[in-house]
Each structure stands twice: as C-alpha cells, then as structure tokens.
Amino acid sequence: MASSSSTYSLLFSVFLFCFLSFIQSNHAKVNSTEFIDQIMEGHNMAREAVGVPPLVWEQNLATYAKAYLEYRRKDCKLIYSEPFTFGENLFTGPGITAKDAVDAWVAEKQWYNYENNTCLAGKDCTDYTQVVWRTTIRVGCGQIKCDTGDIFIACEYYPAGNYKGARPY
C-alpha cells in the first residue's frame, strides 16, 4: 500500500502536469489567434487600399502551409512548394511575427508600377501583387521555428494570383 506522502506527491504531479498542459494549450490558442489576426489585418488593409474585397481565412490552406513548412524545417530555405497549386508567399528571419511578414510583402508595393504592370528592374513585387490579387478570396498561413532557429512563415492563396500579363486589381 502506498504511503500518504507518495499519494499526495502523485496527485500533486498529476495536478501540475494538467495545469501546465492547460496553460500551454491556452497560450498556443492565444498565439494562433494573434497570428491569424496579424495575417488578416495586414492583408485586408493592403487590399482595401487598392479597392479589392477582403480575404477570408481558410483553415485547409493553413494546414497545407504548415505541412510545407514542416518539410522545410531543417533548412528554412525560401523555396516555393510544388506543384504551385496555390499562390504562395514565404518569409523567414530571426524572431519575426506574422505582421513582419505581411508588412514586408506589402512594402514591395513601392516597386510595383501599375501603369505598365511591372516590377522595378531588379526588384521583386510578386508577393505584394499576390496579397492584393483581386480574384484571390481565401488565405491560410502557417509558422514554424526552423532547426536554424529562424521563424518561417508561409501563406497560401486561393485562387492563385500573379498570372502573366494580368493586372492584380
């Protein structure tokens, strides 16, 4: 028969484990909500600025993004997924947030020339044009911490944008 001190010790351990699990899962939920809010706010502000409808969060796209990020966890390289089923934006760096990623993509607007529908020579603005692509209606994103220590964020878009010769808005 177990002594009362070992019973209390076991009960305390179980309680502590449950309490820490509860805190950890709630912390993850808060971070998830904050992550989604930052993604949606940044995208939809940029879209509103050019007169296109807001995006809707799509969990299936977020699941796809997260699966691709897991595949890239070891090297954290900015290599687009295959077979380009969706539009995709990638961002990585130490300690970055979802807001940092969307801000960087939207900042590419400075290199986009609407009149001739091109990017400034030597610059990429396709992340920006995907963010504001008029016919894109859904977005889902994921985030991981890579083995390198960097944060890696991917957003998937449906339907994809950036069709050659077509204007984003």
Side-chain angles (χ1 to χ4, degrees), residues 30-169:
V30 169
N31 285 343
S32 178
T33 300
E34 182 179 357
F35 177 82
I36 293 170
D37 289 349
Q38 288 179 7
I39 292 289
M40 298 309 294
E41 182 179 315
H43 278 80
N44 288 332
M45 285 177 59
R47 293 173 68 84
E48 182 179 20
V50 296
V52 298
L55 294 174
V56 175
W57 181 261
E58 173 58 54
Q59 189 57 45
N60 291 330
L61 292 172
T63 300
Y64 179 88
K66 183 75 174 191
Y68 181 65
L69 291 169
E70 288 295 340
Y71 175 74
R72 295 248 61 102
R73 182 183 290 276
K74 289 186 191 275
D75 62 17
C76 215
K77 289 184 180 176
L78 295 175
I79 299 172
Y80 290 99
S81 65
E82 298 285 341
F84 305 107
T85 309
F86 307 116
E88 186 172 68
N89 283 348
L90 305 173
F91 192 73
T92 188
I96 61 164
T97 65
K99 182 180 182 329
D100 296 331
V102 178
D103 286 351
W105 299 329
V106 172
E108 293 177 5
K109 180 179 185 174
Q110 66 185 314
W111 302 315
Y112 177 65
N113 182 316
Y114 184 81
E115 285 70 40
N116 62 18
N117 195 32
T118 60
C119 298
L120 188 64
K123 297 292 185 179
D124 180 26
C125 60
T126 57
D127 294 318
Y128 166 71
T129 54
Q130 178 59 79
V131 167
V132 297
W133 200 265
R134 176 178 298 281
T135 58
T136 297
I137 58 173
R138 299 186 184 283
V139 64
C141 308
Q143 171 180 299
I144 62 164
K145 186 172 186 177
C146 294
D147 292 349
T148 63
D150 285 348
I151 303 299
F152 196 4
I153 295 173
C155 286
E156 306 295 331
Y157 302 87
Y158 180 82
N162 288 332
Y163 293 102
K164 191 170 183 88
R167 293 186 188 278
Y169 50 89

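Contact annotation: the side chain of Trp105 approaches that of Cys155 to within less than 4.5 Å [non-hydrogen atoms, C-beta and beyond]. Within the 4.5 Å cutoff, the side chain of Arg72 has heavy atoms near those of the Lys77 side chain. Tyr68 is listed as a side-chain neighbour of Ile79, based on a closest heavy-atom distance under 4.5 Å. Counting heavy atoms from C-beta on, the side chains of Thr97 and Gln143 never come closer than 4.5 Å. Using a 4.5 Å cut-off on side-chain heavy atoms (C-beta onward), Pro168 and Asn117 make contact.
The two residues Leu78 and Leu90 make their nearest non-hydrogen contact at CD2-CB, 3.6 Å. Smallest separation of non-hydrogen atoms from Thr92 and Cys76: OG1-SG, 3.2 Å. In terms of heavy atoms, Gly142 sits closest to Ala65 at N-CB, 3.6 Å. Scanning all heavy atoms of the two residues, the minimum distance from Ile96 to Asp100 falls at CA-OD2, 3.4 Å.
Ring geometry for Tyr128 versus Tyr112: interplanar angle of 30 to 60°, hence tilted. Aromatic ring orientation, Tyr157 versus His43: tilted (interplanar angle from 30° to 60°).
Listed by chain and residue number, nothing satisfies the side-chain contact (heavy atoms from CB on, under 4.5 Å) test with Glu48 (two or more places apart in sequence, or in another chain).
One finds the OH atom of Tyr64 at 13.0 Å from the CG atom of Asn60 (value rounded to the nearest 0.5 Å).
Judged by the 6.0 Å distance and 45° axis criteria, Arg167 is positioned over the aromatic ring of Tyr114.
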